[in-house]
Amino acid sequence: MKEFFDEKGKFFAPPLKECRMGRRCFLAGSLKVGVSALASTALPLYSSLASAAGGTTLAVATGRNYRNVVIDAVDMLGGLGSFVSSGERVAIKPNIGWDRTPELAANTHPIVVKTIAEMCLDAGAKRITVLDRTCDDARRTYVNSGIKSAVEEIKDSRVRVEYVNMERFVKIKIPRGIKLEDLEVYRTVLDADKLINVPVAKSHGLTTLTLSMKNLMGVIGGRRGMIHWEIDQKLADISTVIRPDLIVLDATRILTRGGPSGGNIKNVKVLNKVIAGTDPVAIDSYGATLFGIKGTDIGHIATAYKMGLGEINLSKVTVKGV
């Protein structure tokens with residue numbers, strides 16, 4: 001029987017007849033994070049390789065063919081079919097926040113996003129939605145990032161790019177939140193059976209780096225600027241309720257300075273890497289090493305680790321590599 005959090009943040013295991021999250025209650029090997037919502041809805045659930053295999057596993061693939069690199073990384077975790085089942089609805093959350101072209105590394109590389117969408121189709125997903133609540137005007141960022149055209153090249157009615165509608169956010173409670181008691185989350189994400197987080201690795205003026213946990217700000221509503229006060233704890237609070245089923249970190253090229261918006265090609269470093277996993281703390285800790293620092297050096301990563309949201313010590317992580 002799976003574990004859930006009650007409204008006071010304590011664990012409990014409800015009888016199956018009391019579970020109101022339908023089929024999500026029966027996903028084998030998943031860590032079920034119960035969400036007490038102000039609306040009758042539930043977040044996508046966190047599938048943990050740590051719980052299934054007795055430890056945290058990351059996959060790191062390197063190469064110049066970015067499509068093959070993404071496939072290699074996910075295949076080392078058992079393939080996309082290990083995370084997405086036939087008939088499921090999938091929300092893909094890349095970083096599309098900035099009016100920048102792909103080589104400037106401010107957004108997730110379009111080939112990475114397109115490849116994940118194609119893999120979801122191969123796994124039998126019935127609907128795949130790519131979205132982000134952008135910082136610059138979405139009509140420009142979706143186009144100039146290359147992501148809109150890349151996704152539309154798939155030419156399958158099951159795949160779509162969605163512009164965020166500010167009226168489609170739903171308020172949920174954060175039972176374990178320390179600085180945040182509730183949060184507005186985008187309806188498409190709440191309705192999805194699976195959430196795939198596809199951040200780009202880059203610098204950030206406030207948090208030093210923006211990786212997987214910081215990328216989740218693109219699915220929340222309200223006055224996001226308020227999160228910047230005591231941001232380390234707030235990002236960790238958000239990660240207690242938004243738990244992606246799969247994280248694919250784009251490090252094909254990283255923005256070493258001037259993030260998150262970038263704009264100077266001199267600050268871009270080409271690494272040709274993709275890192276995949278399910279543990280956000282481990283993913284972000286590994287991502288930090290790409291910049292010559294450790295996860296413990298980044299406030300929100302260290303805070304999330306202290307809250308038990310993942311493994312920060314990479315010596316305890318199994319890293320598979322191609």
Side-chain angles (χ1 to χ4, degrees), residues 58-77 79-81 83-84 90-123 125 128-132 134 136 138 140-156 158-162 194-202 210-212 215 218 244-256 259-263 265 267-277 283 286-287 290 321-322:
L58 299 182
V60 182
T62 306
R64 295 181 181 179
N65 184 318
Y66 294 166
R67 183 178 188 277
N68 289 345
V69 170
V70 173
I71 293 171
D72 286 344
V74 177
D75 279 355
M76 283 188 280
L77 300 179
L80 207 284
F83 303 95
V84 174
V90 182
I92 298 176
K93 168 55 180 80
N95 191 318
I96 326 176
W98 305 98
D99 185 11
R100 303 293 188 200
T101 52
E103 66 271 11
L104 292 173
N107 303 303
T108 308
H109 198 288
I111 294 176
V112 173
V113 180
K114 179 183 179 181
T115 303
I116 293 170
E118 290 173 330
M119 294 171 75
C120 288
L121 283 175
D122 290 341
I128 300 141
T129 306
V130 178
L131 60 91
D132 189 15
T134 65
D136 290 337
R140 300 196 311 270
T141 67
Y142 274 46
V143 171
N144 292 333
S145 68
I147 290 175
K148 183 175 185 291
S149 61
V151 173
E152 290 176 345
E153 285 172 2
I154 298 174
K155 297 186 183 306
D156 191 301
R158 292 171 292 172
V159 184
R160 63 174 182 149
V161 173
E162 179 176 336
K194 297 293 171 60
L195 171 63
I196 301 178
N197 188 12
V198 195
V200 61
K202 57 182 178 176
T210 171
L211 301 159
S212 76
N215 196 48
D245 296 271
L246 177 64
I247 303 166
V248 180
L249 176 62
D250 173 17
T252 56
R253 67 279 182 269
I254 65 173
L255 183 58
T256 60
S261 60
I265 194 67
N267 294 330
V268 176
K269 183 177 182 180
V270 176
L271 297 182
N272 297 325
K273 290 183 181 294
V274 166
I275 302 95
I283 285 273
Y286 189 94
L290 303 177
V322 172

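Values reported hereafter were calculated over all heavy atoms of this structure, with side chains retained and with hydrogens, waters and symmetry mates removed. In this text the structure is predicted, and so the values were computed from the model without any measurement.
N272 places no side-chain N or O within 3.5 Å of a backbone atom of T62 that could act as its donor or acceptor partner. Checking side-chain atoms of T210 against main-chain N and O of K202 turns up no donor-acceptor pair under 3.5 Å. Not a single donor-acceptor pair under 3.5 Å links the side chain of N107 to the backbone N or O of S145. With hydrogens and angles ignored, the 3.5 Å screen pairs a side-chain donor or acceptor of Y142 with a backbone N or O of D132. At least one donor-acceptor pair under 3.5 Å links the side chain of K194 to the backbone N or O of F83. For the pair D250 (side chain) and H109 (backbone), a donor-acceptor distance under 3.5 Å is present. At least one donor-acceptor pair closer than 3.5 Å links the side chain of K93 to the backbone N or O of N215.
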>> What verdict does the side-chain contact (heavy atoms from CB on, under 4.5 Å) test give for V60 and Y286, after you've listed the backbone C-alpha separation in whole Å, the side-chain angles of each residue and the deciding distance to 0.1 Å?
In response: CA-CA 10 Å; V60 182; Y286 189 94; 3.6 Å; yes
>> Evaluate E103 against V268 for side-chain contact (heavy atoms from CB on, under 4.5 Å), listing each step before the verdict.
In response: CA-CA 8 Å; E103 66 271 11; V268 176; over 6 Å; no
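Side chains of R253 and V200 form a contact here, defined as non-hydrogen atoms less than 4.5 Å apart. Taking 4.5 Å as the limit, some side-chain heavy atom of V198 sits within range of a side-chain heavy atom of I92. Residues P199 and N95 have side chains not in contact (no heavy-atom distance under 4.5 Å, counting atoms from C-beta outward). Contact annotation: the side chain of V70 approaches that of I116 to within less than 4.5 Å [non-hydrogen atoms, C-beta and beyond]. At a threshold of 4.5 Å between non-hydrogen side-chain atoms, the residues V274 and T252 count as touching. The shortest side-chain heavy-atom distance between V113 and V151 falls under the 4.5 Å cut-off.
Listed by chain and residue number, I254, N267, K269 satisfy the side chain to side chain contact (heavy atoms under 4.5 Å, CB included) test with T256 (two or more places apart in sequence, or in another chain). Taking D156 as the reference, L121, I154, R158, V159 meet the side chain to side chain contact (heavy atoms under 4.5 Å, CB included) condition, with sequence neighbours excluded.
Residue N65 holds its CG atom at 7.5 Å from CD1 of I111, rounded to the nearest 0.5 Å. Here CZ of R140 is found 10.0 Å from CZ of R100. Values are rounded to the nearest 0.5 Å. Interatomic distance, CD of E118 versus CD of E153, reported as 9.0 Å (0.5 Å rounding). Note: W98 CH2 to T141 OG1 = 10.0 Å, rounded to the nearest 0.5 Å. The CD1 atom of I275 lies 7.0 Å from the CD1 atom of I283; values are rounded to the nearest 0.5 Å. Atom OG1 of T108 and atom CD1 of I147 lie 5.5 Å apart (nearest 0.5 Å).
Taking every heavy atom of both residues into account, S261 and L255 meet most closely at C-CD2, 4.4 Å. In this structure, V90 and A125 approach most closely via the heavy-atom pair CG2-CB, 3.9 Å. Nearest heavy atoms, E162 versus L131: O-CB, 3.6 Å. The two residues A61 and A73 make their nearest non-hydrogen contact at CB-N, 3.8 Å.
Among L249, L246, I247, the single residue meeting the side chain to side chain contact (heavy atoms under 4.5 Å, CB included) criterion with N197 is I247.
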